[in-house]
Amino acid sequence: MTDPRSDARPVSVLTIAGSDSGGGAGIQADLKTFAAHGVHGLSVLAALTAQHTRGVTAVHVPPPEFLDAQIEACFEDFRIGAVKLGMLASATVIDTVARALERHRPAHVVVDPVMVATSGARLLEADALDALRQRLLPLATVVTPNLPEAELLLGWRIDDLDAMSQAASALRALGAPAVLLKGGHLAGPGEVVDILADAQGEQRTAHPRLRVDAHGTGCTLASAVAANLARGLSLRDACTAAADYVHAALRSGYRPGLGEVLVLDHFAAMPGR
């Protein structure tokens, strides 16, 4: 085993998620985010989607044996500072990933519980919800749900900031050490508020609401948190910097397809630019 104190390999961040053939979300957004943060990006494809700016037309999930082989190949060769989990479509996939994480025990795990695409397409099989709660939340450093995802996990509506605060605490009670609850889906004008609930209490981050229909913001936020943790930032600083990054990338976003969906400009938002 390599002594980490003498390990000259650059830090890598691994994403285990779904591929977006349209390039705006999923694995593709994750790798762009890692590159913009100056860390080497690794990827394990847990699902393949046929997807563009107007929706998801098909989903293919590789066999669990191949999923496990990808994960093992990454851990065998690279110095992994953090793992980001995205679209894990079934209980079998979740169990395969959870067992791999239990074997390798990476320093940081960021869980983005991808359940529904921006287009409204369901990306999580019904039996996977309990598996996500029971197998992945306890392994996470931080979980980063949006409001619809948090509502599915908890089984009740979240319609204001007070309810967001209660939901973040309730998700921690399910086993996650920290929860970064994203407020972009909260109705009304004004700022977008994200709430981080951890052992220290609550931290809120606010940005002006941008009136756009965007794609890949959740994937990007979770990946930026993972990259920042791998670079040595504290959880609170990692989450604040990630939210700033997403806002800047969204502000510079563009429309590459026929749909109205905006794709983030990752490199316009590079830290330090």
Side-chain angles (χ1 to χ4, degrees), residues 1-18 25-46 70-88 97-98 100-114 136-144 176-180 182 194 196 198-200 203 205 216-249 264 266-267 269-273:
M1 180 179 294
T2 303
D3 184 343
R5 293 169 296 181
S6 61
D7 193 344
R9 293 173 299 173
V11 67
S12 298
V13 182
L14 169 63
T15 172
I16 306 174
I27 291 279
Q28 287 79 359
D30 298 341
L31 292 175
K32 292 175 188 176
T33 303
F34 298 158
H37 284 77
V39 294
H40 181 65
L42 310 173
S43 60
V44 166
L45 272 68
Q70 293 179 81
I71 297 171
E72 289 305 303
C74 290
F75 275 100
E76 283 175 5
D77 197 42
F78 299 94
R79 179 185 166 207
I80 296 175
V83 176
K84 179 259 182 176
L85 305 182
M87 178 186 173
L88 306 176
V97 171
L101 294 177
E102 288 165 350
R103 286 195 303 271
H104 294 287
R105 294 292 174 180
H108 302 289
V109 178
V110 179
V111 177
D112 182 22
V114 178
L136 292 185
L137 295 191
L139 295 174
T141 303
V142 61
V143 183
T144 65
V179 176
L180 177 60
K182 300 171 290 194
D194 301 322
L196 172 66
D198 62 10
Q200 300 176 55
Q203 171 180 279
T205 304
T217 54
C219 306
T220 298
L221 180 72
S223 294
V225 172
N228 287 327
L229 290 171
R231 293 167 62 217
L233 274 66
S234 69
L235 177 61
R236 290 198 159 201
D237 288 345
C239 291
T240 299
D244 291 344
Y245 175 79
V246 171
H247 182 74
L264 305 188
H266 292 263
F267 299 104
M270 285 177 63
R273 283 191 65 168

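Please read these numbers as outputs of a predicted model, since none were measured by experiment. Note that the numbering runs from 1 along the sequence shown for the chain. For the numbers below, each heavy atom of this structure counts, side chains included, while hydrogens, waters and symmetry mates do not.
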- Message: Pair T33, L264 - check side-chain contact (heavy atoms from CB on, under 4.5 Å), show working.
- Response: CA-CA 10 Å; T33 303; L264 305 188; over 6 Å; no

- Message: Just so I know, are the side chains of L139 and L85 near enough to count as touching, which here means a heavy-atom distance under 4.5 Å?
- Response: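 No, every pair of side-chain atoms sits at 4.5 Å or beyond.
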
- Query: Side chain of S12, backbone of G41: donor and acceptor closer than 3.5 Å?
  - Reply: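 No; zero donor-acceptor contacts below 3.5 Å.
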
- Might you point out which heavy atoms bring L229 and L235 nearest each other, and give the distance in Å?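 Closest approach of L229 to L235: CD2-CA, 3.8 Å.
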
- Message: Quick check for you: to the nearest 0.5 Å, what is the distance between F34 atom CZ and T15 atom OG1?
- Response: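 These two atoms lie 5.0 Å from each other.
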
- Item | Member of V179, T205, T144, V142 meeting the side chain to side chain contact (heavy atoms under 4.5 Å, CB included) criterion with L196 |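 Exactly one candidate clears the test, V142.
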
- Message: Any heavy-atom pair between the side chains of V44 and V97 that's under 4.5 Å?
- Response: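 No, side chains not in contact.
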
- Do V143 and L137 touch side chain to side chain, with heavy atoms closer than 4.5 Å?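 Yes, their side chains come closer than 4.5 Å.
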
- Item | Atom of D194, atom of A243 and distance for their closest heavy-atom approach |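 Heavy-atom minimum between the residues: OD2-CB, 4.0 Å.
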
- Query: Can you tell me how far CZ of R79 sits from CG of L42, rounded to the nearest 0.5 angstrom?
  - Reply: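 CZ of R79 is found 12.5 Å from CG of L42.
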
- Relative to the ring of F75, is the ring of H104 parallel (under 30°), tilted (30 to 60°) or perpendicular (over 60°)?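 H104 and F75: parallel rings.
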
- How far apart are the closest heavy atoms of D198 and A178, and which atoms are they?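 Looking at all heavy atoms of both residues, the closest pair is CB-CB, 3.9 Å.
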
- Are side-chain heavy atoms of R9 and H40 found at a separation under 4.5 Å?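 With C-beta onward as the side chain, the pair stays apart.
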
- Query: Could you give the distance from CG (N228) to OG (S223), rounded to the nearest 0.5 Å?
  - Reply: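 Spacing of CG (N228) from OG (S223) equals 10.5 Å.
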
- Message: Please give me the minimum heavy-atom distance between K84 and A226, naming the atom from each residue.
- Response: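 For K84 and A226, the tightest heavy-atom pair comes out as CB-CB, 4.1 Å.
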
- Task: Identify the two heavy atoms, one from A35 and one from F267, that lie closest to each other, and give their separation to 0.1 Å.
- Result: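 Scanning both residues completely, I find the closest heavy atoms to be CB-CE2, 4.2 Å.
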
- Task: Might you point out which heavy atoms bring A29 and T220 nearest each other, and give the distance in Å?
- Result: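 What the structure gives for the nearest pair is CB-OG1, 3.9 Å.
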
- Roughly how far apart are I27 CD1 and K32 NZ, rounded to 0.5 Å?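 Going from the CD1 atom of I27 to the NZ atom of K32 covers 12.5 Å.
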
- Task: Give the intermediate values and the outcome of side-chain contact (heavy atoms from CB on, under 4.5 Å) for residues I16 and L88.
- Result: CA-CA 8 Å; I16 306 174; L88 306 176; 4.1 Å; yes

- Task: Show your reasoning for whether salt bridge (charged side-chain N to carboxylate O under 4.0 Å, His left out) applies to K182 and D112.
- Result: CA-CA 11 Å; K182 300 171 290 194; D112 182 22; 3.5 Å; yes

- Would you give the length of the straight line joining atom SG of C74 to atom CG of L14, rounded to the nearest 0.5 angstrom?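 Here the rounded value is 5.0 Å.
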
- Query: Would you say R231's side chain and G38's backbone share a donor-acceptor pair under 3.5 angstrom?
  - Reply: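 Judged by distance alone, no pair lies under 3.5 Å.
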
